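Report on the structure given below.
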Amino acid sequence: MAEKVRVRFAPSPTGWLHLGNARTAIFNYLFARHHGGEVVLRIEDTDRERSKKEYEEALLEDLRWLGVEWDEGPDKGGPYGPYRQSERLEIYRKYAQKLLESGHAYRCFCTPEELEAERERAKREGRPYRYSGKCRHLSPEEVERYLKEGRPYTIRFRVPDGRELVLNDLVKGEVRFNVDDFGDFVIVRSDGTPVYNFVVVVDDALMKITHVIRGEDHLSNTFKQMLIYEALGFPMPKFAHLPIILGEDRSKLSKRHGAVSVRQYRFDGYLPEALFNFLTLLGWYPKDGKEILSKEELIERFDITDVHNAPAVFNREKLYWMNGVYIREVLDLDDLTDRVLEYLRNYSEHLDAEDRKVAEKILDFPREFVREVVSKVRDSFFTLKEFPKRAKPFFVDDFEPSEEARKHLQKVGTETARKVVELFLEKVRSAETFGGEEFKKLAKEVAKELKLKPGVVFKTLRVALTGETQGVALDLLVDLIGKERTVGRLESFLARLK
RNA sequence: GCCCCCGUCGUCUAGCCCGGUCUAGGACACCGCCCUUUCAAGGCGGAGAUCGCGGGUUCAAAUCCCGCCGGGGGCGCCA
């Protein structure tokens with residue numbers, strides 16, 4: 001690979017960044033960086049019907065959030081711009097003209113109705129549809145006349161007969177295809193806008209793309225593009241077609257399968273590093289089997305020829321687990337704290353009403369305190385979204401006991417519960433210092449004096465202190481909230497018992 | 001319908017190119033035990049794959065060859 005590697009990621013701004021596209025972007029990025037190459041971001045907005053400006057913004061934002069970087073693009077420019085296809089129309093027009101002049105393409109005056117009829121006939125006769133090539137042999141005079149009449153026309157590429165093309169795909173290997181299997185295809189629409197198969201070639205060639213890495217759904221189309229490369233005399237890039245991502249039912253991952261956009265995972269409290277890492281493992285695997293890898297480690301290990309060629313099913317469970325690994329093991333405490341705070345500040349609308357209230361409380365506390373809480377509970381939440389639930393006891397002093405908590409009280413008996421809490425409260429009050437260690441000691445004393453099992457005492461205190469029957473270790477909790485708040489909670493518990 | 005791609009535990013996959021070291025390895029999920037004031041995390045262990053099926057080549061096949069089946073994708077004036 002003597003020349004500098006240049007890859008591109010070319011999304012259409014028709015919606016939020018899809019997981020499949022995100023993975024394609026990641027693989028492009030990893031490949032380029034591994035080879036010290038460059039990444040180009042190009043917006044494919046030639047479909048004016050569906051393309052929306054706000055989606056383009058969203059796309060860039062999602063990509064940045066994920067951690068995919070690019071060197072040239074609509075936002076930062078570069079030597080081969082513009083990077084938005086809608087701004088390159090003049091260029092395409094020029095190359096279409098070139099193709100027309102060299103005879104590789106011709107004008108087609110067939111109306112949509114005529115084409116529809118052709119399609120119908122093919123279907124009826126049970127043969128695959130292919131454009132008949134009706135306009136292929138129009139005489140220059142006829143063309144002239146139609147043009148004068150102002151008839152709308154498309155420009156079609158003249159597909160040579162009987163050519164077998166061989167593609168050496170970096171992941172699929174050798175793929176052969178006979179171009180007779182498709183008819184002369186449209187490269188410029190009747191409204192003058194160019195079509196995908198044509199513009200990708202022009203753009204990739206002009207932008208000096210050396211490796212085209214994209215989804216497998218483009219495999220068949222690659223042969224059309226190879227024809228255009230030839231006709232225009234452009235050097236052929238290398239191709240790599242990634243297997244697509246499937247949903248649990250083994251059909252192409254789509255909205256039916258639930259959350260499929262990067263944005264949605266962000267709202268759900270996922271970390272970009274975890275998503276990035278996870279997506280990387282869909283169709284590729286590091287040789288040493290190490291699954292939790294930083295971007296740098298990924299760049300170092302990534303090899304496009306090792307990409308698996310069977311489609312992969314998106315396993316949400318494993319992503320969830322991996323996000324947990326990043327929360328409890330990968331990020332350092334300060335970083336994690338900032339992420340939690342940032343999520344609570346900006347995405348609380350995605351929390352349920354109860355958690356939102358907790359979130360507001362949390363934001364009232366000093367960062368230092370939140371940081372301490374995070375360090376105590378990071379082992380028990382898997383997404384940022386779950387933080388309020390796990391951390392609630394540290395922040396909320398007035399709470400309603402849960403169903404389970406009430407049941408526990410019933411089981412132990414109100415009187416016993418009262419005794420436990422009263423005795424404990426008394427001991428806390430008279431204690432000179434009170435923290436996690438003292439908590440354990442005093443609770444055990446209570447158990448001994450009341451002849452109760454330690455488990456019963458702890459659970460009762462948990463109910464009194466948090467209104468729940470499970471959660472963080474109580475010594476960690478009281479250690480942080482301190483004597484005053486502990487006493488306060490016990491008092492209101494007693495008051496509530498009456 | 002035609003063309004193309006694919007097929008190892010439920011899922012992600014290692015191994016396949018260079019047949020034996022594979023009684024097929026790892027991870028998620030699952031089950032059990034341990035730790036423990038509970039949940040979670042963690043530690044240890046377990047179950048789970050006749051390598052899609054059938055034939056062939058070979059002393060030997062997940063690995064090579066052929067056929068079949070199954071799944072997916074593409075066949076547009078979408079990208």
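Residue numbers begin at 1 in each chain, while the letters A, B, ... track the order of the sequences. No experiment lies behind these values; they were computed from the predicted model shown.
- Look at B/rG1: its Watson-Crick or wobble partner, with both distances under 3.5 angstrom, is B/rC75.
- The gap from the C1' atom of B/rC33 to that of B/rG73 amounts to 47 Å, rounded to the nearest Å.
- Side-chain to base pairing of A/Asn315 with B/rA29: no donor and acceptor N or O lie closer than 3.5 Å to each other.
- Using a 4.0 Å cut-off, some side-chain N or O of A/His308 falls inside it from OP1 or OP2 of B/rA14.
- At B/rG7, one or more side-chain N or O atoms of A/Asn309 fall inside 4.0 Å of OP1 or OP2 (strictly under the cut-off).
- Remark: the separation of the C1' atoms in B/rA49 and B/rC34 is 30 Å, to the nearest Å.
- Between the CG atom of A/Leu282 and the P atom of B/rC28 there is a distance of 16 Å, rounded to whole Å.
- For the pair A/Leu246 CG and B/rG10 P, the computed distance is 16 Å after rounding to whole Å.
- Residues meeting the side chain to side chain donor-acceptor pair (under 3.5 Å) test with A/Glu113, sequence neighbours left out: A/Thr111.
- Ring-plane geometry between A/Phe109 and A/Tyr153 is classed as tilted, the angle between the planes lying from 30 to 60 degrees on a 0 to 90 degree scale.
- Proximity of a side-chain donor or acceptor of A/Asn277 to a complementary backbone N or O of A/Leu293 within less than 3.5 Å is detected.
- Atom name P, nucleotides B/rA60 and B/rC4: the rounded distance is 34 Å, in whole Å.
- Stacking annotation: A/Phe458 is stacked on the base of B/rU37 (ring centroids less than 5.5 angstrom apart, interplanar angle below 30 degrees).
- For B/rA41 and B/rG48, the P atoms lie 24 Å apart once the distance is rounded to whole Å.
- Nucleotide B/rG74 holds its P atom 20 Å from the CG atom of A/Leu165, rounded to whole Å.
- For the pair A/Glu449 and A/Lys427, the salt-bridge criterion is met [side-chain N within less than 4.0 Å of a carboxylate O].
- In terms of phosphate contacts, A/Arg176 brings no side-chain nitrogen or oxygen within less than 4.0 Å of OP1 or OP2 of B/rC3.
- At a threshold of 4.0 angstrom between heavy atoms, the contacts of A/Lys172 are confined to the sugar-phosphate backbone, with no base atom among them.
- Listed nucleotides B/rU37, B/rG26, B/rA29 differ in distance to A/Glu317; the shortest reach to its side chain belongs to B/rA29.
- Rounded to whole Å, atom P of B/rC17 lies 18 Å from atom CG of A/Asp303.
- Rounded to whole Å, the separation between the P atoms of B/rG52 and B/rG71 comes to 16 Å.
- Within 6.0 Å of NZ on A/Lys238 lie no more than 12 heavy atoms contributed by other residues, nucleotides or ligands.
- A gap of 15 Å separates the P atoms of B/rU8 and B/rA62, to the nearest Å.
- Taking atom P in both B/rU63 and B/rG56, the straight-line distance is 14 Å, to the nearest Å.
- Listed nucleotides B/rG7, B/rU13, B/rA79 differ in distance to A/Ala310; the shortest reach to its side chain belongs to B/rG7.
- Pairing for B/rC30 is with B/rG46, a Watson-Crick or G-U wobble pair whose two hydrogen-bonding atom distances lie under 3.5 Å.
- On the C1' atoms, B/rG74 is 49 Å away from B/rG32, given to the nearest whole Å.
- Between A/Glu386 and A/Lys389 no salt bridge is recorded (no basic side-chain N to carboxylate O distance below 4.0 Å).
- We find that CD1 of A/Ile187 is positioned 13 Å from P of B/rA79, with the value rounded to whole Å.
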